[in-house]
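The analysis underlying the following values was restricted to heavy atoms, covering all of them including side chains, and did not include hydrogens, waters or symmetry mates.
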Amino acid sequence: MKKTGAEILWECVVREGVEVVFGYPGGANMPIYDAMLMYPVHHVLVRHEQGAAHMADGYARASGKVGVAMATSGPGATNLVTGIATAMMDSSPVVFITGQVAAHLIGGDAFQETDVTGITLPITKHNYLVTRADEIAEVVTEAFYIARSGRPGPVLIDICKNAQVEQAEFAYPDDVKLPGYQPRARAPQADLEQAVRLIEKAKRPVILAGHGVLVSGAEETLTHFAVKTQTPVASTLLGLGAFPASHELSLGMMGMHGEVHTNLAIQNADLILALGMRFDDRVTGNLKTYAPKAKKIHVEIDPSEVHKNVHVDVPLVGDLKNVLSDLIPMVDEYDHEEWKNQINEWKSEADTRSIMNWPNDGKLYVPHLIHDLWEATGGGAIITTDVGQHQMWTAQYYAQEKPNRWITSGGAGTMGFGLPSAIGAWFANKDQEIWAVAGDGGFQMTQAELTTAVQEGANVKVAIMNNNFLGMVRQWQEFFFEKRYSAVNMLTPDFVKVAEAHGVPARRVTRPEDVNEAIQWARKTPGPVVLEFRVEREDAVYPMVPAGASLDQMLQRPARAEK
């Protein structure tokens, strides 16, 4: 059965279970778009290719499936790069399909020719340059397998225009054979036994739950293990939701803007069980002083992460759910009451400084707003964010009880991620309430996707925290550059008028007493809605571990009387 390369592409994509793709057509991928009309795939026309990348990423994180984003050659493909890097840093399974100039033109600086595979080699799990139609079926099935298996990640397929129009015999590959790529499913028994010996000796253990818990689907297994061993659980930024925030063993978020008691627990622990996390610098602080009293067990499916940043005593390389399932029957039950009491003392002391104890002074503080949003939604909404102060406050004050409802750019820290990722998440969960929490800076980077939301009828609510600053940069300049503010004062447009120009209902909120009514109005209004909150301009995110400091050397929020 002969088909064009473009038809073969769609045959394979549909058989991989893809129902929606996010993209933008152009000269080098026009045959792909022409063939798409014959297949049951919904295409979302974005306003900028970066939006397509983030939508596919948000879709993948919310659904657990592989997201798909498409662009043409040259500038279309390079506009995907930020989103590809974002997906790579956060281990998000996305297949990017780009058009390329005809094979015989490659290297000749043809119109809209760019070496996309060369550009994206460091920021993809794997990439392909396809020059013939008969390569497409095998490449596409391999790409989806690589994207979703092992440690997930982005894969790019760059397809020359001649390969899209040429005909070839189509046969869907029965299986994928990649001898050099064999993710390990289970850790060796000897390593498990060595880990058990450390667990048995521990008096002050702490679990560090990372994004890998969610990727592996190991949430219930983690809870079983934590309860049996009575081990407190700290979460990375991307690990939030892997362990219920309300659980008595939950310590909340660790790291640069993590909880005080959480960071103190890590620094005083005698055993660290790192589960599906990579010891990022925002988590560890100064590596030379990180968890100095602790033995370390690292459960990780990607062997390249083991010993990369932190040397560990027992590496357990394998799928996290399998490794924990194998460990559970091997460990005894413990109580660790003295250790838990110590952590609770630290927590009680830190709570006296909490901004949540501040009385209403007529100003809008983002932590209060996020808590109000959490209460209004019952803590059950899918939350996406941009990057900056509002992101950290949302991580701190929108407590995550369930998995895969917290979608943010962690490793790359990509501004502009919030709105498009929320639209992608809506395509994965149309029956869920979805809020994109954005800063005034990040929102302006991808605000054009509001029209995409209108065109698709995406029921996405956007909450803009507007302080007319690039807030996190301003905070660093306040703390470490003697308030020498440089390029952070931001004039913003009238966000209500901007939203209305896109056809989106919008309101501006300036007083605390109007917050809840505005949130409820947005929730009841069908389709996309924008709320602009004019928040306190020079508030700061606390706690904060300064760059180069030890994890327990935190700047804490001044008490209200000191402010």
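In this structure, CD on Glu142 lies 5.0 Å from CD on Glu138, to the nearest 0.5 angstrom. Atom CD1 of Ile383 and atom CD of Gln391 lie 13.0 Å apart (nearest 0.5 Å). The OG atom of Ser216 sits 10.0 Å away from the CG atom of Leu275 when rounded to the nearest 0.5 Å. Atom-to-atom distance recorded for Ser409:OG and Met415:CE is 11.0 Å, nearest 0.5 angstrom. For the atom pair CD (Gln189) and CD (Gln194), the distance works out to 12.5 Å, reported to the nearest 0.5 Å. Atom-to-atom distance recorded for Leu156:CG and Thr124:OG1 is 6.5 Å, nearest 0.5 angstrom.
With hydrogens and angles disregarded, no donor-acceptor distance shorter than 3.5 Å links the side chain of Glu193 to the backbone of Ala190. Remark: side-chain polar atoms of Glu113 are not paired, donor with acceptor, to backbone N or O of Gly74 under 3.5 angstrom. Side-chain N or O atoms of Trp406 include one that pairs as donor or acceptor with a backbone N or O of Leu237 at under 3.5 Å. Panel note: side chain Trp374, backbone Ala399; a donor-acceptor pair is recorded below 3.5 Å. Formation of a donor-acceptor pair under 3.5 Å by the Asp158 side chain with backbone atoms of Thr117 is not found in this model. Of the possible polar contacts, one joining the Asp386 side chain to the Phe443 backbone as a donor-acceptor pair under 3.5 Å is found. The main-chain N or O of Gly418 is never found under 3.5 Å from a side-chain atom of Thr385 such that the two would form a donor-acceptor pair. Between the side chain of Asn263 and the main chain of Gly255, a donor-acceptor pair closer than 3.5 Å is present. Put simply, the side chain of Glu449 gets close to the backbone of His48: a donor and an acceptor are under 3.5 Å apart. For the pair Lys125 (side chain) and Ile146 (backbone), a donor-acceptor distance under 3.5 Å is present.
Taking the six-membered ring where tryptophan is involved, the planes of Tyr181 and Tyr145 are perpendicular, since the angle between them exceeds 60° and thus also 30°. Using the six-membered ring where Trp is involved, Tyr128 and His126 have ring planes that are perpendicular, over 60° apart on the 30 and 60° scheme.
Summarising the local packing, NZ of Lys402 is surrounded by 12 or fewer heavy atoms from other residues, nucleotides or ligands at distances under 6.0 Å. Remark: Glu220 CD is loosely packed, at most 12 non-hydrogen atoms of other residues, nucleotides or ligands lying under 6.0 Å away. Residue-environment remark: CD (Glu19) stays at or below the threshold of 12 foreign heavy atoms within 6.0 Å. Atom NZ of Lys461 sits in a crowded spot, with more than 12 heavy atoms from other residues, nucleotides or ligands closer than 6.0 Å. Surrounding NZ of Lys65 are at most 12 heavy atoms belonging to other residues, nucleotides or ligands under 6.0 Å away. In Lys321, the NZ atom is not crowded: 12 or fewer heavy atoms of neighbouring residues, nucleotides or ligands sit closer than 6.0 Å. By the 6.0 Å contact criterion, CD on Glu401 is enclosed, its count of non-hydrogen atoms from other residues, nucleotides or ligands being greater than 12. Environment of OH in Tyr24: sparse, with no more than 12 heavy atoms of neighbouring residues, nucleotides or ligands closer than 6.0 Å.
When all heavy atoms of Ala71 and Leu80 are compared, the closest pair comes out as CB-CD1, 3.6 Å. Heavy atoms only, all atoms of each residue included: Met30 and Gln164 are closest at N-OE1, 4.4 Å. Minimum heavy-atom separation, Val94 to Ala69: CG1-N, 4.5 Å. The shortest non-hydrogen separation linking Val454 to Pro528 is CG2-CG, 4.0 Å. Across all non-hydrogen atoms, the minimal contact from Thr446 to Pro420 is OG1-CD, 3.5 Å. The shortest non-hydrogen separation linking Leu240 to Ser235 is CD2-CB, 3.8 Å.
No salt bridge links Arg282 with Asp280; every basic N to acidic carboxylate O contact stays at or beyond 4.0 Å. A salt bridge does not link Glu433 with Arg405: every distance from a Lys NZ or Arg NE/NH1/NH2 to an Asp or Glu carboxylate oxygen is 4.0 Å or more. Looking at Arg186 and Asp326, a side-chain N of the basic residue comes within less than 4.0 Å of a carboxylate O on the acidic one, giving a salt bridge. Electrostatic pairing of Asp302 and Arg278 does not count as a salt bridge here, judged by no charged N lying under 4.0 Å from a carboxylate O.
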Tell me, with the steps shown, if Gln455 and Arg47 meet side-chain contact (heavy atoms from CB on, under 4.5 Å). CA-CA 11 Å; Gln455 184 167 341; Arg47 270 47 184 179; 2.7 Å; yes
Stepwise side-chain contact (heavy atoms from CB on, under 4.5 Å) test for His257 and Met472: CA-CA 12 Å; His257 296 295; Met472 188 61 85; 3.7 Å; yes
Apply the test side-chain hydrogen bond (donor to acceptor under 3.5 Å, both in side chains) to residues Glu16 and Tyr172: give CA-CA distance (whole Å), side-chain angles for both, the deciding distance (0.1 Å), then the verdict. CA-CA 11 Å; Glu16 291 291 340; Tyr172 186 71; 3.1 Å; yes
Going through the distances and angles, do Leu251 and Glu259 end up as a side-chain contact (heavy atoms from CB on, under 4.5 Å)? CA-CA 8 Å; Leu251 299 180; Glu259 304 285 354; over 6 Å; no
side-chain contact (heavy atoms from CB on, under 4.5 Å) between Val44 and Thr452, intermediate numbers included: CA-CA 8 Å; Val44 178; Thr452 306; 3.7 Å; yes
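Contact check for Thr408 versus Thr384: no side-chain heavy atoms found under the 4.5 Å cut-off. Residues Glu456 and Ile423 are not in side-chain contact: their nearest non-hydrogen atoms beyond the backbone lie 4.5 Å or more apart. In this structure, Val314 and Leu316 have side chains that are in contact, with non-hydrogen atoms separated by less than 4.5 Å. When side chains are defined from C-beta on, Arg151 does not count as touching Pro183, because their heavy atoms never get closer than 4.5 Å. Counting heavy atoms from C-beta on, the side chains of Val95 and Pro154 never come closer than 4.5 Å. Leu9 has its side chain within reach of Val13: a pair of non-hydrogen atoms, C-beta onward, lies under 4.5 Å apart. Looking only at side-chain heavy atoms (C-beta outward), Trp10 and Val21 come within less than 4.5 Å of each other. Between Gln100 and Thr131, the closest side-chain pair of non-hydrogen atoms is not below 4.5 Å.
For His54 and Phe22, the ring centers sit 6.0 Å or farther from each other. Ring pair His298/Phe279: centre-to-centre distance below 6.0 Å.
Remark: the Asp57 side chain and the Ser92 side chain contain an N/O donor-acceptor pair separated by less than 3.5 Å. For the residue pair Gln267 / Tyr290, no side-chain donor-acceptor distance below 3.5 Å is found, with atom types taken as modelled. Defined by atom type and a distance below 3.5 Å, a donor-acceptor pair is present between the side-chain atoms of Thr377 and Tyr398. Looking only at atom types and distance, the side chain of Thr86 has a donor-acceptor partner in the side chain of Thr414 under 3.5 Å away.
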